[in-house]
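The sequence lines fix the lettering, A, B, ..., with proteins before strands; numbering per chain opens at 1.
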Protein chains: 2
Amino acid sequence: MTDMTVDDSAADRLESALTGRIDRSAMDTIADLVQQVPLPELTRLVHTSTPLQSAVLFRILDKDDALAVFENLPPGYQAELIQSLREPEIAHIVEGLDPDDRAELFGELPANVVRRLMSGLDAEEREMTTAVLGYPKSAIGRYMSPEVLSLHEDWTAAEAMEVVRARIDGPETVYLLPVVGSGRVLLGVVSLRNLIAVEDSALVGDMVRESISTQALTDREVASREFLSHRLIAMPVVDKEDRLVGILTMDDVLDIVDEEDAEDIARSSGSEPLDRSYLSSTILRLVKSRIVWLLVLAVSAILTVQVLEVYEDRLDQVVILALFIPLLTGTGGNTGNQAATTVTRALAVGEVRIRDLGKVIWRELRVGALLGAVLGSLGFLVAGLVYGWAIGLVIGLTLLSVCIMAATVGGLMPIIAKRVGADPAVFSNPFISTFCDATGLILYFSIATAVLGLS
Amino acid sequence: MTDMTVDDSAADRLESALTGRIDRSAMDTIADLVQQVPLPELTRLVHTSTPLQSAVLFRILDKDDALAVFENLPPGYQAELIQSLREPEIAHIVEGLDPDDRAELFGELPANVVRRLMSGLDAEEREMTTAVLGYPKSAIGRYMSPEVLSLHEDWTAAEAMEVVRARIDGPETVYLLPVVGSGRVLLGVVSLRNLIAVEDSALVGDMVRESISTQALTDREVASREFLSHRLIAMPVVDKEDRLVGILTMDDVLDIVDEEDAEDIARSSGSEPLDRSYLSSTILRLVKSRIVWLLVLAVSAILTVQVLEVYEDRLDQVVILALFIPLLTGTGGNTGNQAATTVTRALAVGEVRIRDLGKVIWRELRVGALLGAVLGSLGFLVAGLVYGWAIGLVIGLTLLSVCIMAATVGGLMPIIAKRVGADPAVFSNPFISTFCDATGLILYFSIATAVLGLS
């Protein structure tokens with residue numbers, strides 16, 4: 001009876017936690033207490049609390065418990081619970097949490113609850129409701145259509161066509177039809193074309209073919225690239241147990257890719273993406289999208305001032321050295337950008353992976369050496385003819401070493417960025433230029449000091 | 001009878017031109033003579049020449065004449081002519097011409113000839129055969145599927161479904177069905193979904209909706225962007241008389257966009273696109289894709305050496321001025337790149353047009369002034385505190401003017417590039433950087449001369 005008493009008191013405490021203001025710490029308390037209360041008691045609580053309270057409680061249950069509770073509710077109250085999960089208050093509570101906290105507090109919802117939660121919503125309601133599902137903004141679950149026309153493996157083609165015809169107006173696509181087995185587990189897909197081509201008596205289970213699917217929590221960019229690279233027309237979305245929860249269509253994917261591309265392009269030039277069109281943005285908004293990066297880059301360019309300060313006395317001895325500074329830093333920046341852009345692209349399309357780091361370094365080292373040999377020879381000749389062979393030698397050797405350094409660093413940076421989990425576009429071209437500027441100047445004055453015998 | 005004699009002799013000369021080697025000048029002669037020979041005579045010539053000769057002759061006819069000739073041939077020979085148009089020799093003759101010559105020499109083929117020419121070809125044969133149609137490599141006609149399942153406006157939904165079922169395996173898509181009237185003129189489209197939803201007795205002509213279509217000669221990138229921005233699943237392709245000649249599907253579009261994106265990205269960093277993957281390219285090929293741009297950029301950077309040479313005596317007087325060169329040129333380059341990237345993107349997605357040139361200049365002038373005011377004030381303070389207020393003033397004023405100049409030039413360049421018909425990515429970031437470097441140095445030393453009273 002002692003256990004029973006503990007449970008009783010946990011249930012009481014849970015009930016009182018639910019009646020207070022539901023904030024971050026209340027959520028933590030509720031999540032703790034839920035562990036200690038037996039299922040029948042939880043079911044009773046969900047049934048008897050106010051709609052908001054019961055929705056919060058239900059949402060905080062993990063998937064198995066949620067399913068058990070849901071199935072034990074009277075059918076009428078099941079609908080009421082689904083309705084209360086759609087309340088804006090619930091969406092706001094869930095949305096207000098950190099993504100990490102959200103993942104920790106909320107499990108996935110059972111697939112059949114999701115399906116009923118989502119049916120018949122318009123785009124705006126759906127966007128609000130996907131928050132309740134706990135998918136973070138970057139997850140593909142936020143962008144899928146939860147209303148999906150699925151077939152059962154036991155149906156005949158004629159029965160399947162009957163269902164398609166009956167529900168033709170609802171779902172976003174009817175051209176790719178996911179096939180599910182018991183418990184809505186995804187078995188594969190059948191195309192509408194295939195369904196039309198076969199005999200009426202053919203079994204759906206016999207014509208199903210393996211499908212490329214994605215999990216609802218997958219990053220939206222990863223799922224979209226997968227979708228596009230396989231030239232799909234639609235892609236089923238499943239939960240962790242492979243149960244069908246939605247379908248991703250081409251227009252969702254194109255929206256995501258457009259947004260990501262605009263971000264990448266802006267970042268690669270060192271500005272923040274604009275959230276509206278260029279001509280309709282205010283001047284202040286344009287300035288805001290650019291100023292932070294410019295400041296950061298200008299502050300890091302102070303490094304080049306400090307490097308030059310170190311060599312100020314050498315510059316004073318041979319002022320001609322100053323003439324080549326923009327040429328040398330410019331060449332370093334260009335070489336670095338070429339390598340960085342090539343490798344970033346290769347990473348994006350999956351030609352290069354993080355484990356290819358060594359290969360990329362070795363390639364860029366050789367490419368840089370060849371580029372440097374060509375530019376260095378030319379620099380040696382031209383500068384030598386005009387300013388004397390000693391200066392020519394300094395310029396030639398500097399171009400050679402700057403090209404090797406810049407190509408290697410430029411090839412390295414995007415892979416390192418990806419390795420530490422950052423967007424390769426963050427180590428964008430301007431940063432690589434600035435880094436190559438400072439390093440190039442050190443190489444330049446070291447070589448000049450040695451060749452010209454300065455001190 | 002004089003006329004008749006002239007025609008006769010033109011027909012004779014045409015016949016002898018056809019029997020010789022068929023090269024560029026022979027083609028010109030044939031094209032001239034074809035104008036003077038009456039249609040019945042041309043039909044006879046097409047009928048009696050060798051397959052290669054008759055194919056060349058037929059191909060050089062303009063569309064109306066080709067249709068008349070084709071319809072007057074015996075049915076058995078019609079098939080033979082179609083067959084000979086598929087011969088590799090014909091493809092090579094057509095392909096060997098300049099795009100301009102080709103457009104001048106060859107008209108379009110009649111839509112029903114195209115359809116029969118194209119039916120049942122695999123991808124490789126089709127690629128060869130589209131050359132015969134005279135579409136240049138950049139035209140969307142090269143990428144469409146000529147095998148398209150079209151409906152007639154007079155059919156009922158049941159009849160249409162019958163046709164779809166019968167031809168389900170052939171065409172690339174059955175989900176969007178172009179509807180044609182008499183003479184294969186495109187009337188619009190019906191989706192398969194729509195066809196399934198309606199009553200069997202519904203008329204195709206009643207459910208047809210307007211479609212976004214494209215002409216076969218449209219630039220492939222323009223057509224693809226249109227396809228994507230309207231979130232289509234397929235797009236009918238028509239000839240100049242609006243007759244259906246093919247259909248463009250999503251996978252064709254994605255191939256084109258992938259290729260164009262790779263080109264744009266490579267060019268924006270100053271390298272040539274690779275025609276194979278990064279890791280499988282040889283070192284020499286990587287060097288080749290980068291070296292030309294690096295050389296051009298290095299040669300244009302000699303401009304900065306010459307600018308500095310002009311100011312060498314000022315540098316000799318105040319060597320401290322050299323310390324800020326990379327900081328100032330770097331900031332100019334970054335500001336210019338931000339503006340260029342934003343405007344290039346806005347041009348690509350159609351937010352900005354060439355006629356907005358004035359608006360863009362005025363916007364960037366103000367954005368540059370604000371950015372310059374912020375960076376300039378900071379530069380004035382920091383440089384002033386460390387190196388004295390006179391130097392601070394020089395740095396502050398230079399940053400202000402460099403930002404104004406760079407933002408304006410950066411915003412201007414992509415529009416000018418588009419105006420002169422070049423790819424905006426050609427005036428790429430490295431070029432803008434180099435230009436801003438040289439101009440920025442002139443501003444710097446002019447301001448320094450004035451403020452510090454140098455001579």
Side-chain angles (χ1 to χ4, degrees), chain A residues 165 168 174-175 193 196-197 228 231 250-251 254 262 265 269-271 277-279 283 286-287 290-291 294 297-298 301-302 304-305 308-309 312 315-316 319 322-327 329-331 334-335 337-338 341-342 345-346 351-352 356 359 363 366-367 370-371 374-375 430 433-434 437, chain B residues 165 168 174-175 193 196-197 228 231 250-251 254 262 265 269-271 277-279 283 286-287 290-291 294 297-298 301-302 304-305 308-309 312 315-316 319 322-327 329-331 334-335 337-338 341-342 345-346 351-352 356 359 363 366-367 370-371 374-375 430 433-434 437:
Chain A
R165 224 172 254 119
I168 194 91
V174 296
Y175 298 139
R193 183 176 186 150
I196 288 176
L228 290 177
R231 302 286 185 255
M250 185 56 89
D251 49 342
L254 290 177
I265 290 173
S269 80
S271 40
S277 86
Y278 171 71
L279 285 182
I283 300 294
L286 287 174
V287 169
R290 300 182 192 176
I291 189 71
L294 274 189
L297 291 168
I302 290 180
T304 62
V305 179
L308 285 172
E309 211 173 29
E312 197 184 340
L315 266 179
D316 219 358
V319 78
L323 307 192
F324 297 95
I325 291 176
L327 171 75
T329 55
T331 303
N334 292 334
T335 311
N337 285 346
Q338 288 180 332
T341 305
T342 314
R345 171 84 187 163
E351 280 172 12
V352 165
D356 295 322
K359 264 189 228 166
R363 292 188 82 83
R366 286 177 294 164
V367 171
L370 269 172
L371 293 173
V374 175
L375 291 177
S433 297
T434 307
D437 281 1
Chain B
R165 225 173 250 118
I168 195 89
V174 295
Y175 297 140
R193 182 175 186 152
I196 289 176
L228 290 178
R231 304 284 186 257
M250 184 56 90
D251 50 343
L254 291 177
I265 290 173
S269 79
S271 41
S277 87
Y278 171 71
L279 285 182
I283 299 293
L286 287 175
V287 170
R290 301 183 192 175
I291 189 70
L294 273 189
L297 291 168
I302 289 179
T304 62
V305 179
L308 285 172
E309 211 174 30
E312 197 183 341
L315 266 180
D316 220 358
V319 78
L323 307 191
F324 297 95
I325 291 175
L327 171 75
T329 55
T331 303
N334 292 334
T335 311
N337 285 346
Q338 288 179 333
T341 306
T342 313
R345 171 85 187 164
E351 280 173 13
V352 166
D356 295 322
K359 263 189 228 165
R363 292 188 81 83
R366 287 176 292 165
V367 171
L370 270 172
L371 293 173
V374 175
L375 292 177
S433 298
T434 308
D437 281 1

Top of B:Arg363, B:Glu351, B:Arg366 for chain A proximity - count of heavy-atom pairs under 4.5 angstrom: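 So the answer, after comparing B:Arg363, B:Glu351, B:Arg366, is B:Arg363.
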Count the heavy-atom pairs under 4.5 Å between each of B:Arg231, B:Arg165, B:Lys359, B:Glu309 and chain A, then report the option with the highest count.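 Heavy-atom pair counts peak at B:Arg231.
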Could you have a look at [options] and say which one has the most heavy-atom pairs with chain B under 4.5 angstrom?
options	result
A:Asp437, A:Leu375, A:Ile302, A:Thr434	A:Leu375
A:Leu279, A:Leu228, A:Asp251	A:Leu279
A:Leu254, A:Val174, A:Leu286, A:Ile325	A:Leu254
A:Leu315, A:Leu294, A:Asp316	A:Leu294

Are the side chains of B:Arg193 and A:Ile168 in contact, using a 4.5 Å heavy-atom criterion?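 Yes. Closest side-chain heavy atoms under 4.5 Å.
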Validation row: B:Thr331, A:Leu297 side chains within 4.5 angstrom (heavy atoms):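 No, every pair of side-chain atoms sits at 4.5 Å or beyond.
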Quick one: what part of B:Ser277 sits under 4.5 Å from any heavy atom of chain A, side chain, backbone, both or neither?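 For B:Ser277, backbone and side chain are both near chain A.
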Of the backbone (N, CA, C, O) and the side chain (C-beta and beyond), which part of B:Ala197 lies under 4.5 Å from a heavy atom of chain A, both, or neither?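 Both parts, backbone and side chain.
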Nearest-0.5 Å distance that lies between atom CZ in B:Arg290 and atom CG in A:Asn334: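 One finds 12.0 Å between CZ of B:Arg290 and CG of A:Asn334.
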For B:Val287, check side-chain contact (heavy atoms from CB on, under 4.5 Å) against everything at least two apart and list the hits.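 side-chain contact (heavy atoms from CB on, under 4.5 Å) list for B:Val287, sorted by chain: A:Val367, A:Leu370, A:Leu371, B:Ile283, B:Ile291.
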Please report the shortest heavy-atom distance between B:Leu308 and A:Leu323, naming the atom on each side.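 Here B:Leu308 and A:Leu323 meet closest at CD1-O, 3.3 Å.
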For residues B:Ala298 and A:Leu327, report the shortest heavy-atom separation together with the two atoms involved.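 Scanning both residues, the minimum pair turns out to be O-CD1, 3.4 Å.
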Under 4.5 Å heavy-atom distance to chain B, tell me which part of A:Arg345 shows up: side chain, backbone, both or neither.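 Looking at A:Arg345, just its side chain touches chain B.
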